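Here's the structure we're looking at; comments come further down.
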Amino acid sequence: MEDTLQRLCAAAVTDLYGASVDAASIPIQRTGKEFEGQYTVVVFPLVRLAKQKPEAVAEALGHALMNRWPEIAGFNAVKGFLNLEMGAGHWAQFLAAAVRDPGYGKGSPSGEKIVLEYCGPNTNKPLHLGHTRNMLLGWSVAELLDFAGHEVHKVNIYNDRGIAICKSMAAYEASGENATPDSAGVKGDHFVGSFYVAYNRLATEQAKAFLAEGMDKREAEKQTPIHRRAQEMLLAWEAGNADVRALWQKMNGWVYEGFNETFRAMGVDFEKDYLESETYLEGKEIVLEGVKRGIFQQHEDGSVRADLSAEGLDEKLLLRSDGSSMYITQDLGTAEQRYTDYAMDRSYYVVGSEQDYHFKVLKALLQQLGRPYADGITHLSYGMVDLPTGKMKSREGTTVDADNLVADMIQTARSKTEELGKIEGLEQNEKQTLFRTLGLGALKYFILRVDPRKRILFNPEESIELVGNTGPFVQYTYARIQSILRKALKEDGIAGAPGAVFSPPANASADAASWDPAEIQQCATLARFPATVQEAASNHSPAEMANYAYEVAKTFNQFYDQVSVLKAENDQARTRRLAISSLTASVIQKALGLLGIGVPERM
RNA sequence: GGUCGCGUAGCUCAGUUGGAUAGAGCAGCUGCCUUCUAAGCAGCCGGUCCCGGGUUCGAAUCCUGGCGCGAUCACCA
């Protein structure tokens, strides 16, 4: 739509003033609420070419556009702003085309292959609120890119080895008594996490004796038997010790089971899992290859470093003097592995902003190595989730657990729904589904509607809102529409697909005069969906999609209030409004779907 | 200290990449349910867009200098 207007404007300017302008540079925007019209051309940039006053340019351009495009029904010029009113015929055409297109909003295939990594948990403790933001963002960005026309592969990376998991293992060995998640009746990841907490308790306890001897705190903890045991296990793991590996395998297995349950509850999925235990050796080889090619430097003590000062970064350690690998080394291996698997054009890493530096380094290293996938790396950085008490810290138990959070939200949705008492007729399992849809909808919307870069403040004391600018508000609008459509089907005695039934009147352009402003406003909002998809995808911003979904719902509720669908003045208006309603429902369903939020048939 | 990010109503956030009188929600106040679901709609109240300078027809948006908050700069991950 914008493109068309820009083209027409450019042509008109050439006709009127004999000057050529770049069509793409002509600003087209939505008309402000206080003015008539749907699209506004800002003519200030053209004033210089025209050598006339802005108002005169707008006026002249308005006439010229009307001549060129009959779908423009009128215009008004205010200062340098040319407001265009599209006629009912235009909207009727739009409506007919959009309603009949099941793929309305979907981008055409770009041929670009993208691998998107998100979640990236450690396997020694359960997922928390920080992971929740990561998962929701990652999943949604992937869906947006997919819907916008790219080929997207979602992958996870497990940090499944290292000192953290050895700590849980050491504590389990010391106090686990061969219990299992089943025997304890605890979800696997929580079960293992409880030993991570137990480790810290034991270490603090055991450190007391050393502290009494005047040792400093860090040193004292290093001397504790439990810490020594964890270190020992780490070395044994690297050496391939069968017992340690078996325990590691068993405990990680419990964690994966627990995680999978959380992923299901959260509604996120992965096409492939990567394990750092399987890629860190490959990372080491890449570093050694770099040394051989003279790209990285091996120092006298045996350590390997990369000089990134040319990129404005520091010198970076890649291998320790004992030859063991670093965090960054593993990521090099994982990246290589990924390219072997997918040969992707671009790779996205959804990881918190505290790792901005890390990803700059990773990309720079791969560029130095001349890897073909290096330039295609993008770090999708997002801000932390803070509590009123400050930053979350696992060791201090100040995290908000992901499973509890979801359960709480479902509970909140249940009590609100029961309080309103509008769902008496539903079966028990339908109710459960509804509470889940609403609870998760509220949670996901709450997190996704804010700009990813910004920090989110989450107050566990206050439950997430269900009224106002929220997920359930948008869901409610959908449910309202479904109620109308059900009644319409019943009145008409027709069963079938709403899309087919609620097509607009064939001769819609004939009833131009009868369109209510609310109908035009709703159509104008719905018409922005495809452009919003592309923008949200290219900006990697579910927030833009969330805000759009809110606006679609908001304008529909106004429409709902201002005109009656089922009791419209005439059949033509009724059919048309049914078409607008069903298209609105479809757009809401798609927009929320891109955020991972489901829609209820009633609520 | 260097680098990066953020700073908009009492609170939580938008602001279409430089456009009109800066918008929503929550909180507070007022109206609207014998009419398609009131988880809604309409209205009131609420602003030094952190501060100073600059660029131009026009700046919350771009540049520059400050201030504040946060992250990061490990032989941790």
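Since the structure is predicted, the reported quantities are computational estimates derived from the model, not experimental observations.
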Taking atom types as they are modelled, would you say the side chain of [X] forms a donor-acceptor pair with the base of [N] within the 3.5 Å cutoff?
{"X": "Ser321(A)", "N": "C75(B)", "value": "yes"}
{"X": "Lys422(A)", "N": "U37(B)", "value": "yes"}
{"X": "Asp331(A)", "N": "A77(B)", "value": "no"}
{"X": "Asn469(A)", "N": "U12(B)", "value": "no"}
{"X": "Thr477(A)", "N": "A39(B)", "value": "no"}

Integer-rounded Å distance: [N] [atom2] and [X] [atom1]:
{"X": "Arg528(A)", "N": "A14(B)", "atom1": "CZ", "atom2": "P", "result": "17 Å"}
{"X": "Leu578(A)", "N": "C36(B)", "atom1": "CG", "atom2": "C1'", "result": "10 Å"}
{"X": "Leu466(A)", "N": "U12(B)", "atom1": "CG", "atom2": "C1'", "result": "15 Å"}
{"X": "Arg48(A)", "N": "G19(B)", "atom1": "CZ", "atom2": "C1'", "result": "16 Å"}
{"X": "Tyr382(A)", "N": "C4(B)", "atom1": "OH", "atom2": "C1'", "result": "17 Å"}
{"X": "Glu551(A)", "N": "C13(B)", "atom1": "CD", "atom2": "C1'", "result": "15 Å"}

Nearest to side-chain heavy atoms of [X], which nucleotide of [options]:
{"X": "Lys79(A)", "options": "A20(B), C26(B), C36(B)", "answer": "A20(B)"}
{"X": "Phe44(A)", "options": "C75(B), G19(B), U37(B)", "answer": "G19(B)"}
{"X": "Asp451(A)", "options": "G40(B), A14(B), A77(B)", "answer": "A14(B)"}
{"X": "Lys454(A)", "options": "C36(B), A39(B), U8(B)", "answer": "U8(B)"}
{"X": "Thr31(A)", "options": "U35(B), A20(B), A38(B)", "answer": "A20(B)"}
{"X": "Val565(A)", "options": "A39(B), C36(B), C75(B)", "answer": "C36(B)"}
{"X": "Leu457(A)", "options": "U12(B), C41(B), C4(B)", "answer": "U12(B)"}

Does either side chain, that of [X] or that of [Y], offer a donor lying less than 3.5 Å from an acceptor on the other one?
{"X": "Thr555(A)", "Y": "Gln521(A)", "value": "no"}
{"X": "Ser309(A)", "Y": "Asp314(A)", "value": "no"}
{"X": "Thr412(A)", "Y": "Ser463(A)", "value": "no"}
{"X": "Thr279(A)", "Y": "Thr334(A)", "value": "yes"}
{"X": "Glu544(A)", "Y": "Asn539(A)", "value": "yes"}
{"X": "Tyr274(A)", "Y": "Asn156(A)", "value": "no"}
{"X": "Arg528(A)", "Y": "Thr532(A)", "value": "no"}

Within the 4.0 Å heavy-atom criterion, would you say [X] contacts the bases, only the backbone, or no part of the nucleic acid?
{"X": "Thr532(A)", "answer": "nothing"}
{"X": "Arg574(A)", "answer": "nothing"}
{"X": "Pro600(A)", "answer": "nothing"}
{"X": "Asn83(A)", "answer": "base"}
{"X": "Phe81(A)", "answer": "base"}
{"X": "Val450(A)", "answer": "sugar-phosphate"}

Base-pairing assignment for G65(B) (Watson-Crick or G-U wobble, both under 3.5 Å): C51(B)

Watson-Crick or G-U counterpart of U35(B), or none if no pair lies under 3.5 Å: none

Output yes if the stacking criterion (under 5.5 Å between centres, under 30° between planes) is met for [X] over the base of [N], else no.
{"X": "Phe35(A)", "N": "A20(B)", "value": "yes"}
{"X": "Tyr550(A)", "N": "A24(B)", "value": "no"}
{"X": "Phe473(A)", "N": "G40(B)", "value": "no"}

Does the side chain of Lys53(A) get closer than 4.0 angstrom to OP1 or OP2 of C57(B) through an N or O atom? no

Could you check if the base of U34(B) is syn or anti? Syn means the glycosidic torsion is within 90 degrees of 0. anti

Under a 90° cut-off about 0 for the syn range, is C33(B) syn or anti? syn

Residue-level proximity of residues 413-421 of chain A to RNA chain B when a heavy atom falls under 4.0 Å: Lys416(A), Thr417(A), Leu420(A)

Can you confirm if the aromatic rings of Phe81(A) and Phe44(A) lie within a centre distance of less than 6.0 Å? yes

Below 4.5 Å, heavy atoms only, C-beta onward: do Thr437(A) and Gln475(A) meet side chain to side chain? yes

Quick one: are Lys125(A) and Asn122(A) in side-chain contact, heavy atoms under 4.5 Å? yes

